[in-house]
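Contents: one structure, followed by commentary.
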Amino acid sequence: KQRKGRHVDVSAFITALITPSSRLSQEEKNEWMTEFTALGMFPGQKEKVIEACERALKIDPTFAEAYYCKGVMLNDLRRYEEALTAFETSIHFSPNYSMAWFYKGDLLNHFGREEEADRAYAKAKELYAIESGESYDDYEDDFDDDEVFDSSDIDSDEEEHIIPTEELNEQGLLFAQ
């Protein structure tokens with residue numbers, strides 16, 4: 001029997017079954033993003049979010065949103081060089097990712113690379129305008145200072161609670177393991 005367009009033998013078929021796909025479907029990416037968000041909601045979980053991003057990237061090394069999420073967490077942990085690399089990789093795989101361009105601009109500005117930062121901000125604003133139909137000029141001051149945005153600086157009325165991954169999993173908040 002001709003096996004045109006199929007696996008050459010049973011061994012090749014079984015190998016294909018157990019080898020993870022190099023690309024995630026949009027539904028799978030959404031599940032990973034839900035996990036990143038669920039973990040990121042709780043203070044003290046930034047390293048866990050980074051680990052989840054790295055697990056997703058082992059499955060799909062082109063997952064731009066995972067690089068972005070990893071970059072946000074690295075930035076919050078003040079691991080700026082690693083964060084910049086993550087944002088640049090996110091942009092490599094998704095050149096129209098406006099928020100990755102904004103963070104890249106913040107980090108370049110932080111490193112004193114002002115001309116590159118200005119270009120990154122301009123690109124981010126251009127993409128934001130295309131995505132939203134709005135101009136980002138009203139927020140320009142937010143992207144012209146020397147401080148790197150840190151989402152952990154946002155005030156919270158609640159005390160910091162570290163919630164173990166196992167508890168999140170029991171609550172049904174973690175999807176991709």
Please find the pair of heavy atoms, one from [X] and one from [Y], that lie closest to each other, and give the distance.
X    : Y    : answer
Q45  : L39  : CB-O, 3.2 Å
F36  : A56  : CZ-CB, 3.9 Å
A117 : G105 : CB-O, 3.4 Å

What's the separation between atom [atom1] in [X] and atom [atom2] in [Y], rounded to the nearest 0.5 Å?
X    : Y    : atom1 : atom2 : value
K70  : E51  : NZ    : CD    : 11.0 Å
R113 : L84  : CZ    : CG    : 6.0 Å
D118 : E115 : CG    : CD    : 7.5 Å
N75  : Y68  : CG    : OH    : 9.5 Å
E54  : K58  : CD    : NZ    : 7.5 Å
K48  : C53  : NZ    : SG    : 13.5 Å

### Query
Are F63 and F93 near enough that their ring centres are under 6.0 Å apart?
no

Can you check whether [Y]'s main-chain N or O pairs, donor with acceptor, with [X]'s side chain at less than 3.5 Å?
X    : Y   : answer
W101 : P95 : yes
S90  : A86 : no
Y67  : P61 : yes

### Query
Is it true that atom CD of Q26 has more than 12 heavy atoms of other residues, nucleotides or ligands lying nearer than 6.0 Å?
yes

### Aromatic ring pairing Y103/F87, orientation class (parallel under 30°, perpendicular over 60°, tilted between)
parallel

### Query
So if you build clusters from Ile, Leu, Val, Met, Phe, Trp, Tyr with side-chain heavy-atom gaps below 4.5 Å, do Y80 and I91 land together?
no

### L127 with L107, same ILVMFWY side-chain cluster at under 4.5 Å
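Per the 4.5 Å side-chain linkage, L127 and L107 are not co-clustered.
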
### Query
Going by an N to O cut-off under 4.0 Å, is there a salt bridge joining K125 and E131?
no

### Query
So, are E114 and R119 salt-bridged, with charged N and O less than 4.0 Å apart?
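Looking at R119 together with E114, the answer is no, because their closest N to O distance does not fall below 4.0 Å.
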
### side-chain contact (heavy atoms from CB on, under 4.5 Å) evaluation trace for T85 with L74
CA-CA 10 Å; T85 300; L74 290 165; over 6 Å; no

### Message
Before you tell me yes or no, could you show the steps for W32 and R55 under side-chain contact (heavy atoms from CB on, under 4.5 Å), namely the whole-Å CA-CA distance, both residues' side-chain angles and the distance that decides it to 0.1 Å?
### Response
CA-CA 10 Å; W32 278 103; R55 285 195 321 268; 3.8 Å; yes

### Message
Go through it in stages, so that I can follow the logic: the residues are E28 and S25, the test is side chain to side chain donor-acceptor pair (under 3.5 Å), and I'd like the CA-CA distance, side-chain angles, deciding distance and then a yes or no.
### Response
CA-CA 5 Å; E28 292 168 319; S25 69; 3.2 Å; yes

